[in-house]
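Presented below is the structure to which this report refers.
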Amino acid sequence: MRKKLLYSITGLLFLSSLLLTSCTELDEIPRDKLTDDVIMADDSLLINLVVPPLGQLRGFWLRESYWGIQESSSDELCFPTRGTDWFDGGVWQQQWLHTWTPEHRDIGQVWNNLNRGISQANTGLAALGEDENVTDKIKEYRGMLKFLRAYYMYCLIDLYGISPFREASSTDYTS
């Protein structure tokens, strides 16, 4: 009888603690992230909007990235397949023979990286806004971000024949 009463009281306390905590409001103030307001208030922080899309260029020359897909799918480059270590599950043969599928290791990864670069450029452009009465530094960073977005779109069209496009200020994600 005592155990049953103890379990009932413990259960009620647990349930009431869940109900009480769900009624409180939480106003979170991020202290470890730079918000758009903080970045726009300090010109020295504007570079933080350009760095993420620039970072997507890192590794473009790798064999599993943009350069590798361009070269290994043509006769300009041939990765030899010697034994199990060089075969890599047939990814190089699939690229050279043009028999890859969307599940191919490198094809999907490069698609995602290029689209991530476009998204990061759009995020930076949205934060910088479209106002013409701004400093030269903001205009310079807008130009850099527009170039990076265009370059990633060019790479997508070059590899896949298609590139999604959305204005940086657009919040309609239905199309």
How close do Q95 and W100 get, heavy atom to heavy atom, and via which atoms?
-> O-CZ3, 3.3 Å
So, for L145 and G124, which heavy atoms are closest and what is the spacing to 0.1 Å?
-> CD1-C, 3.6 Å
Kindly work out whether a path of hydrophobic side-chain contacts (I/L/V/M/F/W/Y, heavy atoms less than 4.5 Å apart) joins F60 to I118.
-> yes
Joint cluster assignment, L97 & I69, ILVMFWY side-chain distance < 4.5 Å = no
Same cluster for L114 and F165 if Ile/Leu/Val/Met/Phe/Trp/Tyr side chains link at under 4.5 Å?
-> yes
Taking every non-hydrogen atom, the tightest pair across S72 and G68 = OG-O, 2.6 Å
Do you know which two heavy atoms are closest between W92 and R105, and how far apart they sit?
-> CZ2-NH2, 3.7 Å
Interatomic distance, T135 atom OG1 to Y141 atom OH [nearest 0.5 angstrom] | 9.5 Å
Over all heavy atoms of both residues, which pair between P53 and G117 is shortest? Give the atoms and the distance, please.
-> CB-O, 3.9 Å
Would you say Y160's side chain and W111's backbone share a donor-acceptor pair under 3.5 angstrom?
-> yes
Could you give me the CA-CA distance, side-chain angles and deciding distance for L46 and L128, then say whether side-chain contact (heavy atoms from CB on, under 4.5 Å) is met?
-> CA-CA 9 Å; L46 289 175; L128 291 174; 3.9 Å; yes
Between the side chain of D158 and the main-chain N/O of Y154, is any donor-acceptor distance below 3.5 Å?
-> no
Taking atom OH of Y152 and atom OG of S119, what is their separation to the nearest 0.5 Å?
-> 11.5 Å
Starting at CG of N113, measure out to CG of L156 and round the result to the nearest 0.5 Å.
-> 10.5 Å
Atom pair CD/NE2 of Q94 and H104 - distance to nearest 0.5 Å | 4.5 Å
Between K139 and E132 the two heavy atoms that sit nearest each other are CE-O, 3.4 Å
Heavy-atom side-chain proximity of L57 to L148 below 4.5 angstrom | yes
Nearest 0.5 Å, what's the OG1-CG distance between T123 and L49?
-> 9.0 Å
Are there more than 12 heavy atoms of other residues, nucleotides or ligands under 6.0 Å from atom CH2 of W67?
-> yes
Any side-chain heavy-atom pair of I157 and I162 under 4.5 Å = no
According to a 4.5 Å side-chain heavy-atom criterion applied to Ile, Leu, Val, Met, Phe, Trp and Tyr, with indirect links allowed, do Y66 and L54 form part of one hydrophobic cluster?
-> yes
Between the main-chain N or O of M144 and the side-chain N or O of R149, is there a donor-acceptor pair closer than 3.5 Å?
-> no
Could you give the distance from CD (E64) to CD (Q109), rounded to the nearest 0.5 Å?
-> 7.0 Å
Any donor and acceptor pair, going by atom type alone, linking the side chain of S65 with main-chain N or O of L62 inside 3.5 Å?
-> no
